*Asks:* 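Below is one structure. I have some questions about it.
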2 protein chains.
Amino acid sequence: MHKVTRIKIKELLDEGVARQDATVKGWVKTKRGSKNVAFIALNDGSTIRNLQLVVDLTQFSEEEVKHVTTGACISARGNVAESQGKGQSVEMLVTNLTVYGIADPEKYPLQPKKHSFEFLRDNAHLRPRTNTIGAVLRVRHALAFAIHNFFNSKGFYYLHTPIITGSDAEGAGEMFRVTTLSADNPPKNEEGQVDFKEDFFGKETNLTVSGQLEGEAGALSLGEIYTFGPTFRAENSNTSRHLAEFWMVEPEMAFYEQGENMDLAEEFIQYLVRYALENCKDDLEFLDKRAADEDKQKPQNERNEMSLLERLNFVVENKFERVTYTEAIEILLNSKPHKKKKFKYPVEWGIDLQSEHERFLVEKHFKKPVIVVDYPKDIKAFYMKLNDDNKTVRAMDVLFPGIGEIIGGSQREDNYDKLIQRMEEMDVPQEELWWYLDLRKFGSAPHSGFGLGFERMILFVTGMSNIRDVIPFPRTPQSANF
Amino acid sequence: MHKVTRIKIKELLDEGVARQDATVKGWVKTKRGSKNVAFIALNDGSTIRNLQLVVDLTQFSEEEVKHVTTGACISARGNVAESQGKGQSVEMLVTNLTVYGIADPEKYPLQPKKHSFEFLRDNAHLRPRTNTIGAVLRVRHALAFAIHNFFNSKGFYYLHTPIITGSDAEGAGEMFRVTTLSADNPPKNEEGQVDFKEDFFGKETNLTVSGQLEGEAGALSLGEIYTFGPTFRAENSNTSRHLAEFWMVEPEMAFYEQGENMDLAEEFIQYLVRYALENCKDDLEFLDKRAADEDKQKPQNERNEMSLLERLNFVVENKFERVTYTEAIEILLNSKPHKKKKFKYPVEWGIDLQSEHERFLVEKHFKKPVIVVDYPKDIKAFYMKLNDDNKTVRAMDVLFPGIGEIIGGSQREDNYDKLIQRMEEMDVPQEELWWYLDLRKFGSAPHSGFGLGFERMILFVTGMSNIRDVIPFPRTPQSANF
């Protein structure tokens with residue numbers, strides 16, 4: 001049997017030249033035409049662009065064509081010719097047509113009209129077939145690949161830190177418990193409490209909120225590592241910025257101090273954006289138009305000053321601003337909104353910067369991405385390196401327009417005694433972190449790292465508004481469908 | 001302040017030429033020498049090779065040198081010269097020496113002697129500093145990168161399928177429950193059972209055992225996708241082949257039938273092995289020697305016929321054997337061990353192949369990797385495509401020497417009615433898989449996919465014996481340390 005291999009639509013359209021006897025396979029987006037000829041827009045997921053199939057209806061029986069409706073999956077064979085129509089380089093003159101799977105027009109959810117994102121979330125199993133979600137997922141892939149490419153080319157090692165953890169030491173938020181104990185009748189100890197010694201791991205375990213601490217062990221042996229995996233927050237936050245399950249990238253580097261940590265973060269983000277601009281041209285052009293349309297629906301003062309593509313190019317072409325927390329507070333204290341009491345939250349040295357403050361710094365004052373460093377120790381985690389002023393730590397937050405904090409990181413405390421003191425001050429239990437302390441006892445070194453929320457990065461690059469629309473199957477409070 | 005940038009030891013040794021004023025940073029493996037000169041073997045994780053530092057002790061105070069002991073982290077500056085000693089291209093004549101972190105020789109766990117793997121597992125935070133685990137983790141990184149490279153170059157999209165799932169439909173094994181309900185006092189419903197409606201997601205949820213079903217939704221929209229992420233089994237298996245948390249790669253492809261699925265699996269594995277051979281030369285040479293040493297400890301009849309490197313080259317250079325399950329049973333029935341009643345488990349059509357059967361086929365009969373297809377439907381999952389014989393399904397297992405099943409996959413049932421029938425026969429609940437059924441209702445297509453157990457692949461490539469030694473922080477029954 002002769003096997004006909006399919007050609008991807010992306011390849012055909014990129015080539016843009018005539019070709020004898022090709023086979024394409026994909027899903028019907030639309031069908032239109034007259035009594036004698038049908039024009040089918042076919043998409044196979046390889047690109048946002050459709051291939052136009054031209055079907056001479058005098059050559060096909062009605063039976064062969066009637067199931068070719070929106071959503072149906074078909075195989076089409078024919079000759080590829082230069083197209084007469086505008087907006088496409090080539091089209092296929094179909095000689096053979098096979099319907100693999102029908103899509104009853106009465107029942108198929110994705111009809112050729114505009115659907116709300118809420119509706120598409122309820123149909124997450126089908127929504128990658130839409131222009132917008134398809135484009136977003138292709139960009140997501142490109143950014144993920146760019147992450148691996150970036151770190152591999154620099155000699156970083158991809159380290160798989162554990163998802164199930166016996167520690168809740170980082171205290172980055174509420175955690176999900178992982179258990180095999182019976183929910184209805186768990187074993188109890190003598191005090192009448194659930195006996196976690198009987199659980200699968202012999203103790204209480206949770207889903208990780210960060211691979212950083214284990215990542216430090218990797219850096220202090222392999223030199224430079226990164227993690228890229230799922231992380232979890234059991235916070236009951238029903239917002240367009242929060243997911244219960246999301247992906248995080250966490251590089252951790254021996255021998256990096258604060259300055260080198262900032263340099264890496266900036267180079268990394270610029271690399272990702274540049275990679276997307278170079279490799280996702282079609283998808284980003286579509287998303288740029290989409291975002292512009294969405295913007296037009298907003299009141300004038302909420303619209304973006306720059307288009308999506310302009311924002312992306314801006315990030316690639318401009319150095320990020322670097323300020324200390326103390327300088328940032330000065331700027332805020334001298335700002336118009338502060339003097340006119342337009343900020344909802346008070347501004348003084350020692351506060352955690354609120355979203356409104358970050359947005360002022362990024363969008364109004366500097367008008368570019370900003371790296372804020374040297375935060376007050378009391379508002380940051382125990383593992384961040386104490387500065388000589390004894391008041392601030394070598395924390396680093398990268399703030400982005402429209403997104404807020406996209407990266408959080410720090411130089412880590414590498415001095416055993418100082419780390420112990422911070423843990424005591426902040427009530428961090430030391431016993432379960434014996435191994436983390438060991439890293440400061442045996443061959444400690446200056447080291448730094450940061451975390452990038454992958455979905456926030458995708459939001460920025462795609463111009464999408466809701467984080468639930470940039471991950472294939474979102475997990476949020478009351479929702480773990482599919 | 002002039003900033004001295006470090007050079008990685010890999011770069012220095014690969015160059016292998018003299019160089020003025022370089023700085024290296026890393027961990028001391030050993031120190032030896034005489035009253036006047038010390039030779040320090042320094043490793044920074046970038047390569048398994050050490051850089052020899054030559055320290056003229058007449059130029060340094062005792063104070064400066066006394067803390068340079070095994071495990072200490074140091075920075076060394078000096079001139080790089082061609083080496084007189086054998087086994088190294090260059091060495092560094094040290095002019096400046098800084099100790100970042102000491103490692104008290106009385107307490108540092110990793111002394112320069114042979115440690116058991118059990119001991120190293122108890123020190124998983126330090127073990128990547130050892131030759132063997134360092135080499136394994138660098139190979140692990142290389143294989144992970146190769147996976148992304150392979151699929152990206154073929155136009156597959158990396159799809160992040162969910163970790164937390166509301167479905168336990170695949171039935172691939174026992175699952176971990178994910179919950180935020182109080183363990184001691186969970187809310188109860190009117191029947192006195194735990195009320196999962198009060199749980200975070202409004203229902204009972206588990207950790208995924210496979211991303212395949214969601215992957216199929218990706219393939220039937222984007223064309224070709226792959227997952228690469230953590231998966232979980234709550235099986236109480238304390239063996240050298242099982243982990244509770246492990247990483248799996250699952251490609252899923254629209255328009256692939258059985259033959260194309262086999263072709264892809266074979267090309268994929270060969271690509272990974274070839275990538276490791278080309279990119280991990282030093283580490284694989286070390287692991288080859290290590291495996292040979294380990295082999296010598298075994299009784300003659302348990303030793304490998306080929307060395308590790310020979311096995312890897314063999315896989316790259318030879319086509320995999322392809323047989324049907326029915327042919328495999330014939331071979332087993334006609335085999336010596338069967339006739340001499342040496343198999344522990346009986347052989348007849350319909351059995352699940354046992355490890356002893358798989359090993360006979362791979363190691364004795366064909367003496368190469370084997371792909372077995374068309375298994376009896378009763379021993380395979382509900383989603384596998386039924387053959388016309390109504391007895392077998394288009395399952396595909398790839399069997400490897402020493403490892404057994406390294407890949408399991410199949411063409412998927414794309415016919416709605418047949419899928420429903422299989423679900424009914426196998427008692428698979430249909431309601432929660434409504435969306436999976438939708439994929440056969442709306443634009444169904446022939447499609448296939450498979451899963452590769454990443455750690456099993458690493459076991460094969462590194463020649464390691466225990467799966468706990470090829471993942472940074474293993475999770476097994478009673479053990480979730482670090």
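The shown structure was predicted, so the numbers you read here are calculated from the model rather than taken from an experiment. Chain letters run A, B, ... following the sequence lines, proteins first and then strands; every chain starts at 1.
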*Asks:* Which region of A:Thr476, side chain (C-beta onward) or backbone (N, CA, C, O), has a non-hydrogen atom less than 4.5 Å from a non-hydrogen atom of chain B, or is it both or neither?
*Replies:* backbone
*Asks:* Counting heavy-atom pairs under 4.5 Å with chain A, which one of B:Lys10, B:Glu204, B:Gln193 comes out on top?
*Replies:* B:Gln193
*Asks:* Sort A:Phe200 into side chain, backbone, both or neither according to what part of it lies under 4.5 angstrom from a heavy atom of chain B.
*Replies:* both
*Asks:* Taking every non-hydrogen pair under 4.5 Å, which of A:Val194, A:Asn152, A:Thr180 racks up the most with chain B?
*Replies:* A:Asn152
*Asks:* For B:Thr47, is there any backbone N or O sitting under 3.5 Å from a side-chain donor or acceptor partner on B:Asn43?
*Replies:* yes
*Asks:* What option among B:Thr179, B:Asn123, B:Val28, B:Thr130 has the most heavy-atom pairs under 4.5 Å with chain A?
*Replies:* B:Thr179
*Asks:* Measure the shortest side-chain to side-chain distance between A:Leu126 and B:Ser221 over non-hydrogen atoms and say whether it is less than 4.5 angstrom.
*Replies:* no
*Asks:* Do you know which of A:Gly26, A:Pro128, A:Gly223, A:Ala142 has the most heavy-atom pairs with chain B at a distance under 4.5 angstrom?
*Replies:* A:Pro128
*Asks:* Assess A:Arg440 against A:Tyr436: is NZ or CZ under 6.0 Å from the centre of the six-membered ring, and within 45 degrees of the ring's axis?
*Replies:* yes
*Asks:* Would you call the rings of B:Phe482 and A:Trp434 parallel, tilted or perpendicular, taking 30° and 60° as the class edges?
*Replies:* tilted
*Asks:* By a 4.5 Å heavy-atom criterion (distance strictly below it), what part of B:Ser182 contacts chain A: side chain, backbone, both, or neither?
*Replies:* backbone
*Asks:* Given that the side chain runs from C-beta out, which part of A:Ala445 has a heavy atom under 4.5 Å from chain B: side chain, backbone, both or neither?
*Replies:* both
*Asks:* Only one of A:Glu455, A:Glu245, A:His141, A:Arg140 passes side-chain hydrogen bond (donor to acceptor under 3.5 Å, both in side chains) with B:His160; say which it is.
*Replies:* A:Arg140
*Asks:* Contact part of A:Phe228 toward chain B, heavy-atom cut-off under 4.5 Å: side chain, backbone, both or neither?
*Replies:* both
*Asks:* Roughly how far apart are B:Leu159 CG and B:Ile225 CD1, rounded to 0.5 Å?
*Replies:* 5.0 Å
*Asks:* In terms of heavy-atom pairs under 4.5 Å, which option from B:Gly202, B:Ala72, B:Gly71, B:Ala183 contacts chain A the most?
*Replies:* B:Ala183
*Asks:* Which bit of A:Trp247 is near chain B, if near means a heavy-atom gap under 4.5 Å: side chain, backbone, both or neither?
*Replies:* side chain
*Asks:* Using side-chain hydrogen bond (donor to acceptor under 3.5 Å, both in side chains) as the criterion, list what pairs up with A:Asp414, not counting sequence neighbours.
*Replies:* A:Lys385
*Asks:* Can you name the ring pair (Phe, Tyr, Trp, His ring centres under 6.0 Å) partners of A:Tyr226, sequence neighbours left out?
*Replies:* A:His148, A:Phe151, A:Tyr158
*Asks:* Checking heavy atoms, do the side chain of A:Thr98, its backbone, both or neither come under 4.5 Å from chain B?
*Replies:* neither
*Asks:* Pick whichever of B:Leu110, B:Asn236, B:Asn149 has the most heavy-atom pairs under 4.5 Å with chain A.
*Replies:* B:Asn149
*Asks:* So what's closer than 4.5 Å to chain B heavy atoms on A:Asp184: side chain, backbone, both or neither?
*Replies:* both
*Asks:* Between A:Gly134, A:Pro472, A:Ala217, A:Pro477, who has the most heavy-atom pairs with chain B when the cutoff is under 4.5 Å?
*Replies:* A:Pro477
*Asks:* Measuring heavy-atom distances to chain B, does A:Leu181 have an atom under 4.5 Å in its side chain, in its backbone, in both, or in neither?
*Replies:* backbone
*Asks:* What part of A:Pro230 lies closer than 4.5 angstrom to a heavy atom of chain B: side chain, backbone, both or neither?
*Replies:* side chain
*Asks:* Answer yes when B:Arg6 and B:Asp44 have at least one side-chain N-carboxylate O distance shorter than 4.0 Å, and no when they do not.
*Replies:* yes
*Asks:* Would you mind reporting whether B:Ser46 and B:Glu11 have side-chain heavy atoms less than 4.5 Å apart?
*Replies:* no
*Asks:* Roughly how far, to the nearest 0.5 Å, is OG1 of B:Thr205 from CZ of B:Arg177?
*Replies:* 9.0 Å
*Asks:* Is it the backbone or the side chain of A:Phe232 that comes under 4.5 Å from a heavy atom of chain B, or both, or neither?
*Replies:* side chain
*Asks:* Please state whether the side chain, the backbone, both or neither of A:Tyr256 comes within less than 4.5 Å of a heavy atom of chain B.
*Replies:* neither
*Asks:* Enter the distance from B:Leu42:CG to B:Lys29:NZ here, rounded to the nearest 0.5 Å.
*Replies:* 10.5 Å
*Asks:* A:Asn279 versus chain B, heavy atoms under 4.5 Å apart: side chain, backbone, both or neither?
*Replies:* neither
*Asks:* Centroid-to-centroid, A:Trp435 to A:Phe442, below 6.0 Å?
*Replies:* no
*Asks:* Given the options B:Tyr108, B:Phe145, B:Phe156, which has more heavy-atom pairs under 4.5 Å with chain A than any of the others?
*Replies:* B:Phe145
*Asks:* So which part of A:Ala219 gets closer than 4.5 Å to some heavy atom of chain B, the side chain, the backbone, both or neither?
*Replies:* backbone
*Asks:* Examine whether an atom of A:Arg127 lies under 4.5 Å from a heavy atom of chain B, and if so say whether it belongs to the side chain, the backbone or both; otherwise answer neither.
*Replies:* neither
